[in-house]
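Structure, as structure tokens:
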Amino acid sequence: MPEGHTVHRLARTFDALFVGEGLRLSSPQGRFAAGAAMLDGRALVRAEAWGKHMFLGFGPRPTTGTGTTTGTTTGTTTSTTTTPDADLAWLRVHLGLYGSWTFAGDGSTRVAHAIGAPRRRVGEQEHALPAASPSTAASSAPPAGETPDGWDVPAPRGQVRVRVLGAHAVADLTGPSACEVVTDDERRAVLARLGPDPIRDDADPERFVARVRRSRTAVGLQLMAQDVVAGVGNIYRAEALFRAGLDPSTPGTDVPAETLRAIWDDLVVLMRDGVATGRIGTTRPEHRGLGHEKGRMDPRRVRQNTDDDPGVVSREESFYVYHRDGLACRVCGATVLVRDAAGRTLFWCPACQV
DNA sequence: AATATATGCAAAG
DNA sequence: TTTGCCTATATTT
């Protein structure tokens, strides 16, 4: 699931669970031991997402000897942080294809149990952390060797690169393609290489429009390029092009600016909906329904959106073309095609997308 | 036990 | 354009 909406969800979750609190960082797996030691004991000041990168900004290491709290635990957005970005130590995390965060806690804040790669067993629910009785736990993570009050901290499962432990919750990271401590300059250098992110309010759509039209590279490849538009992955790429009725192989120079603006506006809606719901869904109600035509999807490909909550569109009904090769197009009935495009699988309808 | 698969990306050829 | 890497899970041998 690590397209942009996933990462924004993660940043929001870290904000809700950990901002303003001194945290314990460790690397149960060992591969991030040095980085974890650098950040251990510091307070999380800010969590930010841009495209598929998440940055956690940590304040200075507390100088006092005992476990006094560095920040507030008011929990909501009001804390006007006085620490400038430039003074923060940043943890940069990129989930890549396999990365995932798993959460547990005392239930004082409801968050998804896991956010990241499609790790759940087929049919398993992504249940939220169970609500528990109000905890009287301390307002910051405990010193080494102690455990938080009021809830049990689970042992790390699998190859946990980094564990973030607060007073009320714990987060374990497995399988990231990037997990490193960077300076503010290094963080800004990463951001400078990213295109506008449709989920962010500060994004400039015209940067996207101009950039695509500057190159003859196929629009289907450009939509996956993070320096063109940040946060779009294989699903949003395929679905946005379908909804725009645009052939993925169209050279960028040939796509009208109006079409690109429409794609941008569509991505804004689709991806922000993904942030809100935790799932990608792009079909309009009149186009849903299981394969009325050429059979159902291969169940082995149903790896996400498997929750059967009432009112939730099933995984099988969520997409127009993604993973639907060989099936009939939901709109026109033509057979959905698939091919490899620069190492990624591209799905499209040859009749609807011209 | 071995293999196939995945919503990603960077480095090498 | 191809290879390598990060990891857990489902399926096949």
Please report, rounded to the nearest Å, how far the C1' atom of B/dA6 is from the CD1 atom of A/Ile280.
-> 13 Å
Could you check how far CG of A/Leu194 sits from C1' of B/dA10, rounded to whole Å?
-> 14 Å
Under-4.0 Å salt bridge between A/Glu317 and A/Arg330 | no
Counting only side-chain N and O atoms of A/His323, is one of them less than 4.0 Å from OP1 or OP2 of B/dA6?
-> yes
Rounded off to whole Å, could you give me the CG-to-P distance for the A/Leu97 and C/dC5 pair?
-> 15 Å
Classify the nucleic acid contact of A/Arg31 as base, sugar-phosphate or nothing, counting any heavy atom under 4.0 Å across all strands shown.
-> sugar-phosphate
Testing C/dA8, B/dA6, B/dG8 for proximity to the side chain of A/Asn234, the answer is B/dG8
List DNA chain B stems (3 or more consecutive Watson-Crick/G-U pairs, under 3.5 Å)?
-> B:1-6 with C:7-12, B:8-12 with C:1-5
Compute whether any side-chain donor of one residue and acceptor of the other, for A/Asp106 and A/Ser108, lie under 3.5 angstrom apart.
-> yes
Does A/His94 place a side-chain N or O at less than 4.0 Å from the phosphate oxygens OP1/OP2 of B/dG8?
-> no
Value in whole Å for how far the P atom of B/dC9 lies from CG of A/Leu223 | 13 Å
Phosphate-side-chain proximity, A/Arg161 and C/dT7, N/O vs OP1/OP2 below 4.0 Å = yes
Minimum-distance nucleotide (side-chain atoms of A/Thr174 versus B/dG8, B/dA6, C/dA8) = C/dA8
Should the pair A/Asp40-A/Arg61 be classified as a salt bridge under the 4.0 Å nitrogen-to-oxygen rule?
-> no
Take the protein atom CH2 of A/Trp50 and the nucleotide atom C1' of B/dG8, then report the distance between them rounded to whole Å.
-> 20 Å
For A/Arg243, what residues pass the salt bridge (charged side-chain N to carboxylate O under 4.0 Å, His left out) criterion, not counting sequence neighbours?
-> A/Asp266
Presence of salt bridge, A/Asp85 and A/Arg46, under 4.0 angstrom = yes
Grab the CE-P distance between A/Met224 and C/dT1 for me, whole Å please.
-> 15 Å
Taking the six-membered ring for Trp and the full ring for Phe, Tyr or His, determine whether the centres of A/His113 and A/Phe103 are under 6.0 Å apart.
-> no
Provide the distance between the two P atoms, one in C/dA8 and one in B/dA10, to the nearest whole Å.
-> 23 Å
Look at the side chain of A/Lys52 and decide which nucleotide, out of B/dG8, C/dT7, C/dC6, has an atom nearest to it.
-> B/dG8
Give one of base, sugar-phosphate or nothing for A/Gln29, where a contact means two heavy atoms less than 4.0 Å apart.
-> sugar-phosphate
Nearest whole angstrom, please: distance from the C1' of B/dG8 to the CZ of A/Arg237.
-> 12 Å
Provide, to the nearest angstrom, the distance between the NE2 atom belonging to A/His113 and the C1' atom belonging to C/dA8.
-> 14 Å
Listed nucleotide nearest any side-chain atom of A/Gln226, set B/dC9, C/dC6, B/dA6 = B/dC9
With no hydrogens and no angle check, is any side-chain donor or acceptor of A/Ser26 less than 3.5 Å from a backbone partner on A/Pro28?
-> no
C1' spacing across the pair B/dC9 / C/dT9, given as an integer number of angstrom = 23 Å
Identify whether any heavy atom of A/Arg344 sits under 4.0 Å from a base atom; if not, whether one sits that close to sugar-phosphate; answer base, sugar-phosphate or nothing.
-> base
Are the charged groups of A/Arg207 and A/Asp227 less than 4.0 angstrom apart, N to O?
-> no
